[in-house]
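Just so it is clear: chains get the letters A, B, ... in the order the sequence lines come, proteins before strands, and each one is counted from 1.
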Amino acid sequence: MNDKLLKPYNPNETEARIYKRWEDSGYFNPDVCIAKGITKPDAPHFSIVLPPPNVTGRLHLGHALEHSLQDAVVRFERMRGKRTVWIPGTDHAAIATQSRFEKELQKESGKSRHDFPREEFFKMINEFGLKNQKDMLIQMRLLGSSLDWSREAFTLDYKRSMAVKTAFKKMYDEGLIYRGNRVINWDPKGQTTIADDEIIYEEREAKFYTFKYSKDFPIPISTTRAETKVGDTAVAVNPKDARYKEYVGKTYLIKDFCGVPLTIKVIADESVEADFGTGALGVTPAHSQIDADIAARHNLPTVQVINEYAKMMIGDERILGKKTTEAREVIVSWLRNQGLLEKEETIKQNISTAERTGGIIEPLPKLQWFIDVNKAIPSKGGKTLKELMREPVASKKINILPDHFEKIYFNWIDNLRDWCISRQIIYGHRIPVWYHELKCIPKQGHEQDIVKCEQILISADKPKCEFCDAQYIQDSDTLDTWFSSGLWTFSTLGWPGQTTDLKTYHPTSLMNPGYEILFFWVARMVMMSEYLLGDIPFKTVYLHGIVRDSKGKKFSKSANNGIEPEEVIKQLGTDALRMSMIVGIGPGNDINFDLQKVKAYSKFANKLWNITRFVVSNLEDFDPNKKYKLTAADTALLEEQKNLAKKISEDMETYKFYLAAENLYHYIWHTFADKIIEESKTRLSRSADNKDRESIQSTLYTILKINLRLLHPFMPFITEELWSIIPRVSTDNDLLLVESWPN
RNA sequence: GGGCGAUUAGCUCAGUUGGUUAGAGCGUUACAUUGACAUUGUAAAGGUCACAGGUUCGAGUCCUGUAUCGCCCACCA
């Protein structure tokens, strides 16, 4: 017997060695499997693209969960003979990576982005990201993931850049991407716009002031943001509100509102609630999304009064150049002194903050790039992007697990506004838009042609003007990171090239993100894939939950409750960690991570080790190549296991990993070990009837081998190690990794 | 304000299309154990499946309502 079996199972000694054998074999790559005759070239495909982790730091237990699930299904499908690929990659995560880097830079050297030229700063962030990326790729190997490393991708590498530029151009040419001056979410801390879903609301107490603009103004209004009122151009009331009916349509001139003259028109708008506050809303078109909508309906002028640094850009020395919070106090005390302040209350208010920087969002009008989600698209038969996102899920072409997230998905789409895709940060895909310089000296012979100079061009590289010597200057903004993420299922397969990979593996079979990025990412992949490829990006979305600590708290730096996957692996082994991430956890459920549970599965690993030791030690005079006649009882045992294997296959096919793994665990421990092996002991003794002994030897051997195969997707390392130790027959593969699935 | 989910053993959670006696891990108790098992086995205690109605031959599972907790979306100016 192999000496290894005499000692308890040692995952630390085993795992790295096994992973190297797998990687060296090349079998993670389906092309190699086909070349070596393991997989049939015409076999159905099974493909997953890994949700790319952000290169902001290191992998955490949430990633371990993702890898455990995906690797389980990938190994299962590979063993079943499908042409299986799992593509690894990482995400540059633009704003997340830049803000993380800037924080560290500030801490270490006190420097900021303004201390470096753009190109140099980009390089510094990229190096930071690539260092993290390197660590993460090592971590993925520790997790045992059977990723096809030959196809590794990065959202910011050359091929993905080409995909981004191609997608941008196509959407621009069809009028889906436009540049517009709109009220957007400005993060004064990060000095960039952010999308609606990057906002986090925090509840705070705020003062709610009720006042009149002037003594002559007939309608009092209420606000928490008195400083924005210097930008008001209207007061809106509900059209049914009898109190204010007589004033609607009139315009009032206010000569002096804390040093600022105002022109206020009274308008009626359905969106105003008569019961809230005074029933009248001071409309500030420049600094509120809702007010901007009202202003658009009533053709009101927009006056910007707050700049990008959240400072006042209007008024006299009392407020000009002051921070919004300071200006607010000045204006409130002015109102008080003038006797205009009628009421002052304390209310609870939700304040918008930026997800990545924590900065308080300042709505500002700005010229930005947007994706129009409501435009009828000619090439799609007049459908809108919203419809393209909605339809495949509604028609079940895409299956979301658990089901109830479909409702949430639809709800989100129905309320969706145009997507602001431009960011004023450095790290990311630069917008591939080039502007013609204003000065324009015609080339010889083209004196008459300079009217034809293209003012705006979408181009991957710097364009040259045909008719004059002017330069093209690239837009300084970068793209929202989710723009490149949206292309992920096909940019990884070579798009815009019409590659064999793209034809073979798209649409992908499964996508396994956390439910918290259903909107950010899943919806956008559907949008991009439907628009650019005219096809779904994936057939099934299996949403997983959040891994929390054993008490249900989120892991966070401030709570200091972080657990590194490596620590757990070092202590108890990857297989145990993986099992603990799978058993008993349905889709969409959060996990309270408990080391006790991992420990239970490390015991199970050892149990399996000893089961094998027992079986192997009783096979010394057994020839695995020979066919032995089995007793009826033993045939029944094999039949029982066959039923289990069938059940497990079904559960795997329907993505019920949590049941498959648990049933298998239970069978191996409490049926195979506690019953079958226990009862075999007397039959195995040398003095027993030889025919009966052979029958049980053969039965134990067969069951063990099938168990190793069934368990491989969940506990790949120990099963592979045991596969190399047990006696095998000539038709068996060297590596369990590519052994066929029991049917 | 709108929506979604959860409530099952001391703890953390499963429970598949409604079907016998509701399960697992950890914890607790007793016994066994030089055992294939330093990580074992056998058994026990522990549940009015949140509560109240309803459908059904039969409900942890389906329906209605209530309570509590959690999450998502909106953002009242």
Self-check item: Whole-angstrom distance between B:G18 and B:G60, as gauged at atom C1'
Solution: 10 Å
Quiz item: Rounded to the Å, how far apart are A:I200 CD1 and B:C75 C1'?
Solution: 15 Å
Quiz prompt | For A:Y667, ring pair (Phe, Tyr, Trp, His ring centres under 6.0 Å) partners two or more places apart | solution = none
Quiz item: How far, in whole Å, is B:G25 from B:U66 if one measures between their C1' atoms?
Solution: 34 Å
Quiz item: Atom CG of A:D674 to atom C1' of B:A32: distance rounded to whole Å?
Solution: 14 Å
Practice problem: Would you classify A:I221 as touching base, sugar-phosphate or nothing, given that sugar-phosphate means primed atoms plus P, OP1 and OP2, and contacts are heavy atoms under 4.0 Å? | Solution: nothing
Quiz item: Any side-chain hydrogen bond (donor to acceptor under 3.5 Å, both in side chains) pairs touching residues 595-610 of chain A, not counting sequence neighbours?
Solution: none
Exercise. Looking at every strand, decide which applies to A:V283 at a 4.0 Å heavy-atom threshold: base, sugar-phosphate, or nothing.
Key: nothing
Self-check item: Closest to the A:T224 side chain, choosing from B:U40, B:A36, B:A77
Solution: B:A77
Quiz item: Start at the 5' end of RNA chain B and walk down; is the nucleotide closest to A:H404 or to A:Q596 reached first?
Solution: A:H404
Quiz item: Hey, is the side chain of A:Q289 pairing donor to acceptor with the base of B:A74 inside 3.5 Å?
Solution: no
Quiz prompt | Residues in side-chain hydrogen bond (donor to acceptor under 3.5 Å, both in side chains) contact with A:S695, at least two apart in sequence or another chain | solution = A:D634
Exercise. Select base, sugar-phosphate, or nothing to describe what A:T654 touches, counting heavy atoms under 4.0 Å on all strands.
Key: nothing
Nucleotides 14-24 of chain B: which of its N/O atoms have a protein N/O under 3.5 Å away?
| from | atom 1 | to | atom 2 | distance (Å) |
| --- | --- | --- | --- | --- |
| B:A14 | OP1 | A:N589 | ND2 | 2.3 |
| B:A14 | O5' | A:G584 | O | 3.4 |

Quiz item: How far, in whole Å, is B:A44 from B:C37 if one measures between their C1' atoms?
Solution: 23 Å
Quiz item: Taking NZ, NE, NH1 and NH2 as the nitrogens, is one of them in A:K681 or A:E679 under 4.0 Å from a carboxylate oxygen of the other?
Solution: no
Quiz item: Taking OP1 and OP2 of B:A77, is either one under 4.0 Å from a side-chain nitrogen or oxygen of A:Q349?
Solution: yes
Quiz item: What is the distance from OH of A:Y201 to C1' of B:A77, rounded to the nearest Å?
Solution: 13 Å
Quiz item: With a 4.0 Å cut-off on heavy atoms, is A:A236 in touch with a base, just the backbone sugar-phosphate, or nothing at all?
Solution: nothing
Quiz prompt | Rounded distance in Å between the C1' positions of B:C51 and B:G58 | solution = 22 Å
Exercise. Remember a base hit wins even if backbone is also touched, and classify A:N350 as base, sugar-phosphate or nothing at under 4.0 Å, heavy atoms.
Key: base
Self-check item: Listed once per pair and sorted, the salt bridge (charged side-chain N to carboxylate O under 4.0 Å, His left out) pairs that draw on residues 194-203 of chain A, sequence neighbours left out
Solution: A:D197-A:R524, A:E198-A:R423, A:E202-A:R204
Practice problem: Write down the distance separating the P atoms in B:U16 and B:U61, rounded off to the nearest Å. | Solution: 11 Å
Quiz item: Is A:E678 paired with A:K675 through a side-chain N to carboxylate O contact shorter than 4.0 Å?
Solution: no
Exercise. For the pair A:H544 and A:E66, evaluate side chain to side chain contact (heavy atoms under 4.5 Å, CB included) and give the outcome as yes or no after the intermediate values.
Key: CA-CA 8 Å; A:H544 65 74; A:E66 244 169 37; 2.7 Å; yes
Quiz item: Could you write nucleotides 6-11 of chain B as a row of B, S and -, 5' to 3', where a protein heavy atom under 4.0 Å of any base atom gives B, of only sugar-phosphate atoms gives S, and otherwise -?
Solution: ------
Quiz item: Roughly how many Å is it from CD in A:E406 to P in B:G5, rounded to a whole number?
Solution: 12 Å
Quiz item: In terms of side-chain geometry, is the basic nitrogen of A:K4 or A:E13 positioned less than 4.0 Å from the acidic oxygen of its partner?
Solution: no
Exercise. Describe the nucleic acid contact of A:K681 in one word from base, sugar-phosphate, nothing, applying a heavy-atom distance below 4.0 Å.
Key: base
Exercise. Look at the side-chain N and O atoms of A:K603 and state whether any lies under 4.0 Å from the OP1 or OP2 oxygen of B:C26.
Key: yes
Exercise. List in chain and number order the residues that pass side-chain hydrogen bond (donor to acceptor under 3.5 Å, both in side chains) with A:T284, two or more places apart in sequence or in another chain; answer none if no residue qualifies.
Key: A:K229, A:D232
Self-check item: Dot-bracket pairing map - RNA chain B, Watson-Crick plus G-U, both contacts under 3.5 Å, | cross-strand
Solution: (((((((..((((.....[...)))).(((((.......))))).....(((((..]....))))))))))))....
Self-check item: Proximity to the side chain of A:F519 - top-ranked nucleotide from B:U39, B:C72, B:C37
Solution: B:C72
Practice problem: Compare the minimum distances between each of B:U12, B:A36, B:A77 and the side chain of A:K607, then state the nucleotide with the smallest one. | Solution: B:A36
Practice problem: Write down the distance separating the P atoms in B:G27 and B:A22, rounded off to the nearest Å. | Solution: 25 Å
Practice problem: Can you tell me, in whole Å, how much space there is between the C1' of B:G15 and that of B:C57? | Solution: 23 Å
Quiz item: How long is the line joining CD1 of A:I668 and P of B:C37, in whole Å?
Solution: 19 Å
Self-check item: P atoms of B:A24 and B:U42, separation to the nearest Å
Solution: 12 Å
Self-check item: Carboxylate-amine/guanidinium proximity below 4.0 Å for A:D414 and A:R390
Solution: yes
Which donor-acceptor pairs under 3.5 Å do the side chains of residues 652-662 of chain A make with protein atoms, sequence neighbours left out?
| from | atom 1 | to | atom 2 | distance (Å) |
| --- | --- | --- | --- | --- |
| A:E653 | OE2 | A:R80 | NH2 | 2.3 |
| A:T654 | OG1 | A:E650 | O | 2.8 |
| A:T654 | OG1 | A:D651 | O | 3.3 |

Practice problem: Answer yes or no: does a side-chain N or O of A:W669 lie under 4.0 Å from OP1 or OP2 of B:C37? | Solution: no
Practice problem: Would you please name every residue forming a ring pair (Phe, Tyr, Trp, His ring centres under 6.0 Å) with A:F208, sequence neighbours left out? | Solution: A:F276
Quiz item: In whole angstroms, how far is the C1' atom of B:G41 from the NZ atom of A:K675?
Solution: 12 Å
Practice problem: With sequence neighbours excluded, tell me which residues meet side-chain hydrogen bond (donor to acceptor under 3.5 Å, both in side chains) with A:N618. | Solution: none
Quiz item: What residues form a side-chain hydrogen bond (donor to acceptor under 3.5 Å, both in side chains) with A:T228, not counting sequence neighbours?
Solution: none
Exercise. Return the nearest nucleotide to the side chain of A:N411; candidates are B:C26, B:U42, B:C73.
Key: B:C73
Quiz item: Counting side-chain heavy atoms from CB outward, which of B:C26, B:U12, B:A38 is closest to A:N606?
Solution: B:A38
Quiz item: How long is the line joining CD of A:E273 and C1' of B:G1, in whole Å?
Solution: 9 Å
